[in-house]
Amino acid sequence: MSLSVVHVVASVDDEAAGPSISVPRLAEAQKREGVSVELSTVATSAPPAINLAPSVEHRRHKPSFSSVPVFCRLVPSKAMRRDLTMRAASIDVAHTHGLWLLPNIYPSCMADSGTRIVLSPRGMLGAEALAFSRKKKRIFHALLQKRALEKVSLLHATSEAEAGDIRAFGLTAPIVIAPNGIDIPCDGTIIRKTEPRTILSLGRIHPKKGLDRLIHAFAGLKQDYPNWRLRIIGPSELGHGPVLQRLAGELGCSAVSIEPPVFGDEKLAAYQEASIFALPTRHENFAMTVAEALAAGTPVISTKGAPWAGLNTAGCGLWVDHGPEPMRAALSSLMALSDEERAQMGARGRAWMASDFSWGGVAQTIVRAYEWIKDGGETPESIRLYQPEAGGSLQSLATNREIMRSG
């Protein structure tokens with residue numbers, strides 16, 4: 001059947017942001033499934049350094065009010081809103097990614113023309129995420145976000161845990177469960193550094209990532225493992241990078257480095273040179289860096305703030321409780337292994353990614369959900385319907401929303 005889809009996201013210009021990778025990749029995979037797909041974004045910077053989806057039409061709209069302080073942070077674009085509204089009758093599905101920015105609101109204007117609205121919150125409805133800037137989010141929700149959410153026909157969660165966050169916010173639309181896909185690097189010999197061996201944490205350097213706990217955990221092991229180093233790589237947000245560097249200095253950890261973000265081949269090399277990848281996050285809806293590390297053949301330690309219980313069952317890492325002590329114990333466990341044993345763990349992780357996280361499979365799952373909200377029929381296995389008898393009343397479910405109302 002013919003299906004026309006537009007993916008709407010504020011921007012894909014920041015290569016360090018997860019949606020800049022996952023949204024274009026999803027669009028491209030859906031096009032290979034025979035869907036008519038385009039990508040609609042706001043041009044927040046100069047043209048991106050790389051074109052992640054060359055086969056997909058990309059409409060980069062001119063931003064508005066760029067010189068207006070504060071308001072410009074909402075990424076307004078009259079051009080995007082006008083374009084989506086004018087073409088609504090010819091688009092079956094508008095799939096918007098993220099919350100709390102104006103491009104996430106614009107697709108709601110298409111619903112009156114029959115366009116089905118799909119929303120991927122991208123982890124922004126988790127309790128930890130809602131706690132940041134909660135007063136601003138409360139105002140935005142009251143003025144715009146609430147009405148836009150009422151137009152949503154389908155929600156997309158990358159894990160069962162994120163589906164729980166969505167329900168905890170009080171949203172009752174059907175949810176399709178589909179992880180982010182992952183690109184598997186070409187086969188080849190992986191040469192890992194042995195002197196010093198490396199623990200890597202890569203991604204946004206932000207307080208919610210729990211990197212201070214990782215540094216504390218590593219500091220507790222420096223005497224037993226003097227030939228190891230910790231690399232924390234990514235863009236520093238809220239001034240958190242210098243904070244972590246000072247912490248490492250206070251703990252006497254000269255083997256900790258806080259480094260700027262890397263991309264492309266340099267990013268892959270960082271994964272492949274590392275002996276262990278560590279994610280100490282307080283909360284993630286998916287954690288693309290875990291999938292990338294596993295695809296690169298690197299064993300992973302993740303806290304239970306990310307939905308990666310499969311690390312234990314697949315034998316490619318450890319899924320641990322929060323806090324410096326559980327992380328320290330997990331690091332010690334993997335650091336004590338031989339290089340060969342860690343390589344075997346990494347190989348199992350790579351095989352798991354190739355088996356269960358291909359972009360083709362993810363695209364098929366989401367396209368089937370699109371078809372279901374458009375034409376009806378039998379409910380796909382990937383769909384989770386709202387069941388009030390299982391979760392109580394909507395009022396009792398809306399626990400995450402209360403976070404914004406408190407404080």
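- Electrostatic pairing of E237 and R204 counts as a salt bridge here, judged by a charged N lying under 4.0 Å from a carboxylate O.
- Note that CZ of R350 and CH2 of W352 are 15.5 Å apart. Values are rounded to the nearest 0.5 Å.
- With a 4.5 Å cut-off on side-chain heavy atoms, L211 and R213 do not count as touching.
- With respect to E160 and R384, a salt bridge is recorded, a charged nitrogen being found less than 4.0 Å from a carboxylate O.
- Looking at I301 and L334, their side chains come closer than 4.5 Å, going by heavy atoms from C-beta outward.
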side-chain contact (heavy atoms from CB on, under 4.5 Å) between M335 and I276: does it pass, once the steps are laid out?
CA-CA 8 Å; M335 293 162 80; I276 300 167; 3.7 Å; yes
Set out, in order, the CA-CA distance, both residues' side-chain angles and the distance that settles side-chain contact (heavy atoms from CB on, under 4.5 Å) for T298 and E273, then state yes or no.
CA-CA 9 Å; T298 305; E273 290 176 359; over 6 Å; no
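- With D13 contributing its side chain and T44 its backbone, the two residues share a donor-acceptor pair below 3.5 Å.
- Within the 4.5 Å cutoff, no side-chain heavy atoms of I139 are placed close to those of K135.
- Between S338 and E341, the side chains place a donor N or O and an acceptor N or O closer than 3.5 Å (distance only, hydrogens not considered).
- Minimum interatomic distance between L251 and H216 (heavy atoms only, all atoms of both residues): CD1-ND1, 3.7 Å.
- Residues T96 and P107 come closest through the heavy atom pair CB-CG, 3.9 Å.
- Across all their heavy atoms, P380 and R368 have their closest contact at CG-CG, 3.8 Å.
- A donor-acceptor pair under 3.5 Å is formed between the side chain of S4 and the backbone N or O of S90.
- Formation of a donor-acceptor pair under 3.5 Å by the K209 side chain with backbone atoms of R282 is not found in this model.
- With salt bridges taken as basic N to acidic carboxylate O contacts below 4.0 Å, one links E325 and R328.
- Using a 4.0 Å cut-off between charged side-chain N and carboxylate O, E38 and R87 make a salt bridge.
- Between P299 and C316, every side-chain heavy-atom pair lies at or beyond the 4.5 Å cut-off.
- In terms of the side chain to side chain contact (heavy atoms under 4.5 Å, CB included) criterion, residue partners of P207 (sequence neighbours excluded) are, by chain and number, F132, L238, H240.
- Put simply, the side chain of L202 reaches to within 4.5 Å of the side chain of V262, judged on heavy atoms.
- One finds the CD1 atom of I21 at 11.0 Å from the CG atom of N180 (value rounded to the nearest 0.5 Å).
- Side-chain contact check for H58 and T41: at least one donor-acceptor pair (N or O, by modelled atom type) lies under 3.5 Å.
- Looking at S77, its side chain does come within 3.5 Å of a backbone N or O of K62 through a donor-acceptor pair.
- Here the side chain of S20 pairs a donor or acceptor atom with the backbone of D14 at under 3.5 angstrom.
- Within the 4.5 Å cutoff, the side chain of S11 has no heavy atoms near those of the V42 side chain.
- Of the charged side-chain nitrogens involved, at least one lies within less than 4.0 Å of a carboxylate oxygen, so that K146 and E150 count as a salt-bridged pair.
- A donor-acceptor pair shorter than 3.5 Å cannot be found between the side chains of H156 and E162.
- Salt bridge D92/R116: absent, no basic N to carboxylate O contact under 4.0 Å.
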Steps toward side-chain contact (heavy atoms from CB on, under 4.5 Å) verdict (I175, L385):
CA-CA 7 Å; I175 300 172; L385 300 175; over 6 Å; no
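- Using a distance-only test at 3.5 Å, with no hydrogens or angles considered, no donor-acceptor pair links the side chain of S382 to the main chain of I177.
- In this structure a side-chain-to-backbone donor-acceptor pair under 3.5 Å is present from K222 to G252.
- For an aromatic pair to be called close, the ring centres must be under 6.0 Å apart, and F357 with W308 satisfies this.
- Between V152 and A173, the shortest heavy-atom contact is O-CB, 3.9 Å.
- The environment of CZ in R81 is sparse: at most 12 heavy-atom neighbours from other residues, nucleotides or ligands sit within 6.0 Å.
- The two atoms that bring L119 and P121 nearest to each other are O-CD, 3.5 Å, heavy atoms only.
- Looking only at side-chain heavy atoms (C-beta outward), L214 and L331 come within less than 4.5 Å of each other.
- Rounding to the nearest 0.5 angstrom, the gap separating the OG1 atom in T379 from the CD1 atom in I373 is 12.5 Å.
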Verdict with supporting geometry, I199 and R229, side-chain contact (heavy atoms from CB on, under 4.5 Å)
CA-CA 6 Å; I199 300 163; R229 64 172 178 164; over 6 Å; no
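- You'll find the side chain of Y370 stays beyond 4.5 Å of the side chain of S153, heavy atoms only.
- Between L200 atom CG and I232 atom CD1 the span is 9.5 Å, to the nearest 0.5 Å.
- For the pair M288 and G181, the tightest heavy-atom approach, listed with the atom from each and the gap, is CE-O, 2.8 Å.
- With W100 as the aromatic partner, K136 does not meet the cation-pi criteria of under 6.0 angstrom to the ring centre and within 45 degrees of the ring axis.
- Remark: aromatic rings of H141 and F169 are close, center separation under 6.0 Å.
- With no hydrogens or angles considered, no side-chain donor-acceptor pair links E292 and T289 at under 3.5 Å.
- The existence of a salt bridge linking E340 and R342 is excluded, since no basic side-chain nitrogen approaches an acidic carboxylate oxygen closer than 4.0 Å.
- Atom OG of S257 is separated from atom CD1 of I233 by 7.0 Å, given to the nearest 0.5 angstrom.
- Aromatic ring orientation, H97 versus H95: parallel (interplanar angle below 30°, classes split at 30° and 60°).
- Between Q364 atom CD and S358 atom OG the span is 7.5 Å, to the nearest 0.5 Å.
- No donor-acceptor contact under 3.5 angstrom links the side chains of S40 and R59, judged on distance only.
- With 3.5 Å as the limit, one finds a donor-acceptor pair spanning the side chains of N285 and T158.
- The main-chain N or O of T115 is never found under 3.5 Å from a side-chain atom of S113 such that the two would form a donor-acceptor pair.
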